[in-house]
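Working notes, structure below.
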There are 2 protein chains.
Amino acid sequence: MAVTLKDIAEKVGVTESTVSRVLNGIPKASKETRKEIFQVAADLGYKPNQIARSLVTKKTHTIGLIISDLANTYFARVASGIENIASKYDYSLIISTTGGQEKEELKYINLLKEKQVDGLLFASGRMPFSCKKLLRETEIPTVVVAREVDEDLPSVHINNVKESYRAVKYLINNGHQKIAMISGNADDKESGLYRIQGYKQALNDNKLEVREELIVEGDFKLQSGIKAVEEILKRDSSITAVFAASDEMGVGAIKAIKKAGLKVPNDISVIGFDNNIISLASDPELATISQPEEELGWRSMEMLYKVIKGEELEEKKIYLPCELKKRGSVRKI
Amino acid sequence: MAVTLKDIAEKVGVTESTVSRVLNGIPKASKETRKEIFQVAADLGYKPNQIARSLVTKKTHTIGLIISDLANTYFARVASGIENIASKYDYSLIISTTGGQEKEELKYINLLKEKQVDGLLFASGRMPFSCKKLLRETEIPTVVVAREVDEDLPSVHINNVKESYRAVKYLINNGHQKIAMISGNADDKESGLYRIQGYKQALNDNKLEVREELIVEGDFKLQSGIKAVEEILKRDSSITAVFAASDEMGVGAIKAIKKAGLKVPNDISVIGFDNNIISLASDPELATISQPEEELGWRSMEMLYKVIKGEELEEKKIYLPCELKKRGSVRKI
DNA sequence: CATTTTTAAACAAACGCTTGACTAATCACA
DNA sequence: TGTGATTAGTCAAGCGTTTGTTTAAAAATG
């Protein structure tokens with residue numbers, strides 16, 4: 001049996017409340033009893049039962065993270081950033097993965113509520129109406145990570161339209177005019193739709209024609225990048241640049257271009273998105289937009305902490321800047 | 001205020017115990033009251049307080065994962081595998097990262113004990129004596145992941161000596177005799193020392209000389225692979241193959257070899273370890289030993305589940321097989 | 001119809017801790 | 001020396017559940 005306050009109390013000859021207060025550093029005891037209590041607690045190897053404590057304090061010092069997929073480096077790094085700050089503030093992290101499925105998201109919001117988490121970080125899926133509604137009902141302090149959300153929920157993310165625009169602008173500045181895009185699924189607003197929007201805007205603003213047939217959809221994975229480029233080259237082999245909505249697809253693009261007997265960047269330039277380590281492994285190294293995943297994580301946790309503590313947020317929606325990484329896969333023409 | 005059993009009980013006009021039993025599916029109530037209880041519970045949006053429940057049942061349906069680093073793809077994938085199975089069994093996962101630091105490990109074992117987790121998965125560091133001792137004292141069901149451990153703790157891992165041997169043997173079978181190694185730090189027994197051992201054994205068994213100056217230590221990261229190869233080539237530029245203890249270092253090796261004006265695999269063959277996605281991004285693609293990270297994760301969770309349920313384990317130490325991935329970075333000479 | 005069995009529910013204690021209210025003894029000070 | 005503060009505690013309730021025991025009523029049995 002685990003040792004409890006009662007055990008200590010009996011051994012020292014005081015009541016549980018006294019022991020509790022002493023152990024919590026409330027100065028309502030004589031030097032001697034304090035000393036003895038600490039002594040006995042140590043001897044017995046007392047470890048407070050946080051469950052019991054939580055029941056009365058109504059704080060669990062635990063926050064829930066609802067996230068798409070841990071095996072995905074992007075999310076893993078976000079999670080890592082979150083965990084670091086959570087631990088700094090003495091919060092534990094319960095991680096639940098959803099695969100971006102609405103059903104799972106709802107399930108975990110409920111579960112985490114039942115587990116009485118002090119706060120929730122939401123980094124999954126498209127946040128459908130059902131989730132927002134449930135979140136509102138459950139009244140758990142929540143911060144949304146890496147997702148824009150119309151609600152008044154606080155959030156921290158990057159501006160995908162703008163950053164995507166920047167990547168394409170960089171290609172244009174290097175003299176490229178026929179630029180294809182490997183997109184993600186547009187159902188995913190953030191990394192799908194918004195990046196397409198940025199691409200289109202950049203072309204428009206520079207009087208370049210947007211040709212829908214040069215936008216091929218992938219699934220963010222390497223293989224789909226290969227497939228996409230094969231398709232693009234079939235449609236128009238005179239393109240001089242490709243913008244991929246993820247580094248994996250960008251690397252796939254490079255591989256496919258080479259396989260087609262063309263050279264990167266001599267014949268076709270490629271730029272990716274994320275700054276995944278994979279971008280440095282390819283040959284040539286893939287130019288890309290570097291996302292601050294870990295910062296995304298820790299900023300959201302810092303934010304959540306403030307919300308939990310009832311502090312006022314100076315900004316409710318934080319946009320973190322990305323960085324353009326110029327690398328060998330892009331050349332001036 | 002959250003709605004409790006009491007609220008439902010009052011509204012229906014029965015006692016809390018009746019409501020509790022009904023909601024838990026214990027058939028001790030009339031059809032009508034049951035129906036009414038369910039109805040009222042739904043109307044009020046009742047969600048059981050798992051903290052209160054845990055206090056009495058002494059089960060939290062939560063398991064703790066102590067892991068080195070979530071930002072590291074290897075561990076992230078292990079964690080992902082764990083989470084999938086945990087969720088299948090309705091267990092939540094509290095994840096704590098340690099950076100492999102003994103102090104952090106001890107801190108989290110204690111913390112998780114206080115949080116009354118039902119079980120512990122340990123995938124961090126070298127598991128020093130202090131940890132083993134604490135684990136024994138706390139008496140939480142524990143499974144060790146990806147670490148060999150002398151104790152009688154159950155564990156699931158790969159056989160690093162054997163798999164490393166296999167990689168080197170593959171090079172030897174391809175006619176290579178002068179094989180350098182980029183190792184990890186030997187303090188890390190599993191992926192450091194053991195892989196060096198496998199390398200040496202393979203050489204010995206094939207009557208090849210082990211030359212210590214051809215073993216250069218890296219830190220598993222890409223950059224260190226580059227550095228290591230530069231050093232190796234300085235020491236002996238007539239080597240024909242390199243075995244890297246990680247894919248990142250392997251890719252770094254390929255980059256450095258190319259930079260030195262040599263060709264992979266024409267001049268030097270390279271093989272890595274892990275089958276990280278990065279191995280497919282490099283040119284040529286990196287041959288490697290594929291580790292079953294996700295399986296490592298889910299097997300350990302399956303194992304822990306059995307321990308928690310008090311079932312007998314048919315094997316206490318599980319070794320998972322790896323797979324040799326033959327790719328363009330190795331050629332026959 | 002009396003007695004036993006079954007059913008439907010109430011009662012009460014317990015899980016381990018925190019915390020507000022109360023008490024008795026000691027101390028300080030005018 | 002009497003009054004008020006302070007100190008060092010105790011007492012008891014409560015957090016939201018579960019669960020063993022008891023009770024009252026209904027149903028079944030002989």
Side-chain angles (χ1 to χ4, degrees), chain A residues 1-38 40-41 44-62 110-118 138-139, chain B residues 1-38 40-41 44-62 110-118 138-139:
Chain A
M1 270 294 89
V3 8
T4 70
L5 283 186
K6 199 173 163 194
D7 299 324
I8 301 178
E10 280 172 1
K11 199 147 182 189
V12 176
V14 294
T15 58
E16 299 169 49
S17 43
T18 301
V19 178
S20 170
R21 287 193 239 257
V22 166
L23 257 23
N24 284 310
I26 291 158
K28 265 202 172 185
S30 68
K31 265 248 151 58
E32 300 100 64
T33 36
R34 297 176 66 132
K35 205 173 139 192
E36 199 180 346
I37 286 173
F38 280 119
V40 173
L44 262 39
Y46 172 72
K47 298 205 173 62
N49 182 326
Q50 300 292 353
I51 294 291
R53 187 198 296 246
S54 291
L55 188 57
V56 17
T57 61
K58 299 186 162 311
K59 304 244 163 309
T60 52
H61 267 258
T62 302
N110 277 318
L111 178 64
L112 290 166
K113 168 76 177 183
E114 290 185 359
K115 295 226 165 174
Q116 313 295 125
V117 295
D118 294 343
T138 56
E139 296 182 315
Chain B
M1 272 292 91
V3 9
T4 71
L5 283 186
K6 199 173 164 195
D7 299 323
I8 302 177
E10 280 171 2
K11 201 146 178 190
V12 176
V14 294
T15 58
E16 300 168 48
S17 43
T18 302
V19 179
S20 171
R21 289 194 237 256
V22 166
L23 258 22
N24 285 308
I26 291 158
K28 264 202 170 183
S30 68
K31 265 253 151 57
E32 301 100 64
T33 36
R34 299 176 64 133
K35 204 171 140 195
E36 199 180 348
I37 286 172
F38 280 120
V40 172
L44 262 39
Y46 171 72
K47 299 206 173 61
N49 182 326
Q50 300 291 354
I51 294 291
R53 186 197 298 243
S54 291
L55 187 57
V56 17
T57 61
K58 297 186 163 314
K59 304 244 162 308
T60 53
H61 266 258
T62 301
N110 276 318
L111 178 64
L112 290 166
K113 168 75 176 182
E114 291 185 358
K115 294 224 166 176
Q116 315 293 126
V117 294
D118 295 343
T138 56
E139 298 183 312

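The figures that follow rest on heavy atoms only: side chains count, while hydrogens, waters and symmetry mates do not. Every chain is numbered from 1 and lettered A, B, ... according to where its sequence line falls, protein lines coming before strand lines.
Summarising the geometry of A/E114 relative to B/Q50, their closest heavy-atom pair is OE1-NE2, 2.7 Å, with the distance given to 0.1 Å. The two atoms that bring B/A29 and B/T33 nearest to each other are CB-OG1, 3.9 Å, heavy atoms only.
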Listed pairs, N/O of protein and of nucleotides 13-15 of chain C, under 3.5 Å:
| from | atom 1 | to | atom 2 | distance (Å) |
| --- | --- | --- | --- | --- |
| C/dC15 | O3' | B/K58 | NZ | 3.2 |

I'd like a list of close polar pairs between nucleotides 22-28 of chain C and the protein, N/O only, cut-off under 3.5 Å.
none

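Within the nucleic acid shown, B/E16 comes within 4.0 Å of at least one base atom, counting heavy atoms only. Note on B/S54: nothing from the nucleic acid sits closer than 4.0 angstrom, heavy atoms only. At a threshold of 4.0 angstrom between heavy atoms, the contacts of B/S30 are confined to the sugar-phosphate backbone, with no base atom among them.
Following rounding to the nearest Å, B/R34 (CZ) and C/dA8 (C1') show an atom-to-atom distance of 11 Å. Regarding A/L23, its CG atom lies at a distance of 8 Å from the P atom of C/dT18, rounded to whole Å.
Along DNA chain D, read 5' to 3', the first and last nucleotides having any atom under 4.0 Å from a heavy atom of chain B are D/dG16 to D/dT21.
With a 6.0 Å radius and a threshold of 12 heavy atoms from other residues, nucleotides or ligands, A/K11 has its NZ atom at or below the threshold.
Nearest-nucleotide mapping onto DNA chain C: of A/R21 and A/L5, the residue sitting toward the 5' end is A/L5. When each of B/A2 and A/T18 is assigned the nucleotide of DNA chain D bearing its nearest heavy atom, the one mapping closer to the 5' terminus is A/T18.
The CG atom of B/L5 lies 11.5 Å from the CZ atom of B/R21; values are rounded to the nearest 0.5 Å. Remark: A/K6 NZ to A/I8 CD1 distance equals 13.0 Å, nearest 0.5 Å. Rounded to the nearest 0.5 angstrom, A/T62 OG1 and B/I51 CD1 are separated by 7.0 Å. Put simply, CZ on B/R34 and CG on B/L23 are 10.5 Å apart, with the number rounded to the nearest 0.5 Å. Considering CG of A/D7 and CD of A/E16, their distance stands at 9.0 Å, rounded to 0.5 Å. Atom NE2 in A/H61 sits 8.5 Å away from atom OG in A/S54 (nearest 0.5 Å).
A side chain to side chain contact (heavy atoms under 4.5 Å, CB included) with A/V19 is found for one member of A/V12, A/T4, A/I37, A/N24 and no other, namely A/I37.
With no hydrogens or angles considered, no side-chain donor-acceptor pair links B/S17 and B/S20 at under 3.5 Å.
Of the side-chain N and O atoms in A/S20, one or more sit less than 4.0 angstrom from OP1 or OP2 of C/dT18.
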